[in-house]
Amino acid sequence: MVELVQPRHTLIGENSIFEIPRFLRNIQGSSMALVVTDQGLVRLGTVGRITDILDRAGIRWCLFDDVKPDPTVEIVNAALARYTAEGCSCIIAIGGGSPIDVAKAVSILVTNGGRVEDYNGVRKSARPGAPIVAVNTTAGTGSEVTAAYVITDEARGVKMLMVDPNCLAYLAIDDPTLMAGMPPELTAATGMDALTHAVECYVSREATPYTDALALEAIRLVGRTLRRAVADGGDMQARTDMCWAEYLAGLGFSNAGLGLAHGIAHQLGARYHMPHGVACAQILPWVMEYNAPACWERMGEIARALGEDVRGLGREEAARRAADAVRDLSDDVGIKPLHAYGFSVDDISLLARQALEDTSTPSNPVQPEESEVERLIAKAYCEGLVVEAVRRQQGQ
């Protein structure tokens with residue numbers, strides 16, 4: 001038996017944020033909404049666009065804007081305290097993965113109690129969380145659609161991945177007008193995150209025909225659209241296509257799981273505070289090559305979805321084309337190498353060990369040894385050094 005999970009309601013398209021009041025009125029007992037976001041989106045005016053809609057509809061709200069990238073247990077606890085103190089009954093998360101993940105953690109704690117650390121793992125809560133309206137402002141994390149959230153445990157220096165249908169949003173919104181002002185670097189990183197979601201769920205041990213269809217279409221959309229979205233943030237068709245790509249990829253991995261690339265990327269982000277999509281982009285091609293013998297045909301399909309002509313090629317060459325296409329896309333959109341974030345080879349053993357413990361890793365098509373994970377991380381690091389050296393030489 002396969003259980004499929006998704007948000008109760010979804011809106012995708014320009015100006016869909018104007019529908020928020022209509023859905024909030026359907027939430028029984030909704031009196032005060034906690035708006036969870038970050039200060040950058042407040043300064044940009046993105047949050048104001050939505051709170052103005054709430055004000056005009058007579059919906060009461062209070063603000064928690066202290067979310068930071070790679071949100072910590074401390075941030076979750078502060079947001080929970082604000083929710084409780086204000087007598088809130090629902091949450092409106094505005095942002096990318098970080099604000100939405102904080103909202104999910106608070107949602108679960110409101111109805112289940114305990115500490116956020118108690119929910120690390122799969123299906124650890126007993127009751128549905130408080131209602132969430134997840135307003136996505138990036139095109140990559142898929143947090144608005146997924147049954148998962150990531151919180152950093154600073155005490156242990158690891159990212160905790162919680163997979164739990166009880167945290168699913170009541171309403172997920174992908175409005176491309178909110179993404180038009182995203183800087184190219186953020187557009188690139190979140191787009192590569194979406195691609196990693198799609199690739200990993202397509203080769204996951206838990207993949208189904210349903211998730212296969214979602215993943216392949218997401219890969220196609222990213223392959224033909226991300227470069228355009230990075231080059232011209234105002235290209236609304238590209239922004240809309242990336243909304244669909246990240247939503248489909250999010251829905252796919254929410255139902256099929258992820259893999260080793262995310263298991264490693266979570267550790268890189270926790271240790272070096274590099275953007276999650278950057279970590280994914282750097283490690284994904286190497287994990288694809290490592291996984292290929294367990295899924296030759298699927299790697300060929302990924303290559304085709306990314307626009308590669310693999311007619312007449314053997315399975316090994318087709319799989320290599322898939323990994324190289326990811327490398328080319330990453331390079332074209334300006335993804336920075338690992339060493340740009342202070343990566344240290346001295347950490348490789350620790351990173352590998354933690355990656356094997358990550359909730360994402362068991363769905364990987366190959367179950368790796370620690371030494372194999374160490375080699376993958378080292379290869380990604382060394383490749384970044386070589387690419388930068390070549391660029392410098394060409395620039396002379």
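Side chains included, hydrogens not; waters and symmetry mates left out as well; all remaining heavy atoms used. Only a predicted model underlies this, so the values are computations on that prediction, with no experimental measurement involved.
In summary, Glu289 and Lys379 do not engage in a salt bridge, as defined by a charged side-chain N under 4.0 Å from a carboxylate O. Comment: Arg353 does not engage Glu357 in a salt bridge, judged by the lack of any side-chain N to carboxylate O separation of less than 4.0 angstrom. Arg320 has a carboxylate O that lies under 4.0 Å from a charged side-chain N of Glu317, or vice versa, which qualifies the two as a salt bridge. Under the 4.0 Å criterion applied to side-chain N and carboxylate O atoms, Lys124 and Asp118 are not assigned as salt-bridge partners. Note on Lys336 versus Glu185: salt bridge recorded, some NZ/NE/NH1/NH2 to OD/OE distance being below 4.0 Å.
Proximity of a side-chain donor or acceptor of Arg271 to a complementary backbone N or O of Leu351 within less than 3.5 Å is not detected. Asp38 contributes no side-chain N or O that, together with a main-chain N or O of Lys68, makes up a donor-acceptor pair within less than 3.5 Å. Asn112 places a side-chain N or O within 3.5 Å of a backbone atom of Arg127 that can act as its donor or acceptor partner. Distance alone, capped at 3.5 Å, is enough to place a donor-acceptor pair between the Lys104 side chain and the Thr146 backbone.
Taking a 6.0 Å sphere around CD of Glu369, one finds it holds 12 or fewer heavy atoms contributed by other residues, nucleotides or ligands. By the 6.0 Å contact criterion, CZ on Arg311 is open, its count of non-hydrogen atoms from other residues, nucleotides or ligands being 12 or less. The 12-atom threshold is not exceeded at CZ of Arg8, counting heavy atoms of other residues, nucleotides or ligands nearer than 6.0 Å. Atom CD of Glu74 has 12 or fewer neighbouring heavy atoms from other residues, nucleotides or ligands inside a 6.0 Å radius.
With hydrophobic clusters built from ILVMFWY side chains whose heavy atoms lie under 4.5 angstrom apart, Trp61 does not share a cluster with Val110.
Looking at every heavy atom in both residues, Ala380 comes nearest to Gln282 through CB-O, 3.6 Å. Across all non-hydrogen atoms, the minimal contact from Asp193 to Gly140 is OD2-O, 3.7 Å. Considering every non-hydrogen atom in both Cys280 and Thr196, the closest pair reads CB-OG1, 3.3 Å. Listed here is the closest heavy atom pair of Val310 and Ala303: CG1-CB, 3.8 Å. Nearest heavy-atom pair, Leu109 versus Val116, reported as atom, atom and distance to 0.1 Å: CD2-N, 3.7 Å. The two residues Ala215 and Tyr202 have their closest heavy-atom pair at CB-CB, 3.8 Å.
Note on ring orientation: taking the six-membered ring where Trp is involved, the planes of His339 and Tyr381 are perpendicular (angle over 60°, cut-offs 30° and 60°).
Contact check for Thr177 versus Met236: side-chain heavy atoms found under the 4.5 Å cut-off. When side chains are defined from C-beta on, Val222 counts as touching Leu329, because their heavy atoms get closer than 4.5 Å.
For His9 and Tyr170, the ring centers are positioned less than 6.0 Å apart.
Residue Ile12 belongs to a hydrophobic cluster whose other members are Val2, Leu4, Val145, Tyr210, Leu214, Leu221, Trp244, Tyr247, Leu248, Leu251, with links defined by side-chain heavy atoms closer than 4.5 Å.
Residues meeting the salt bridge (Lys or Arg N to Asp or Glu O under 4.0 Å) test with Asp346, sequence neighbours left out: none.
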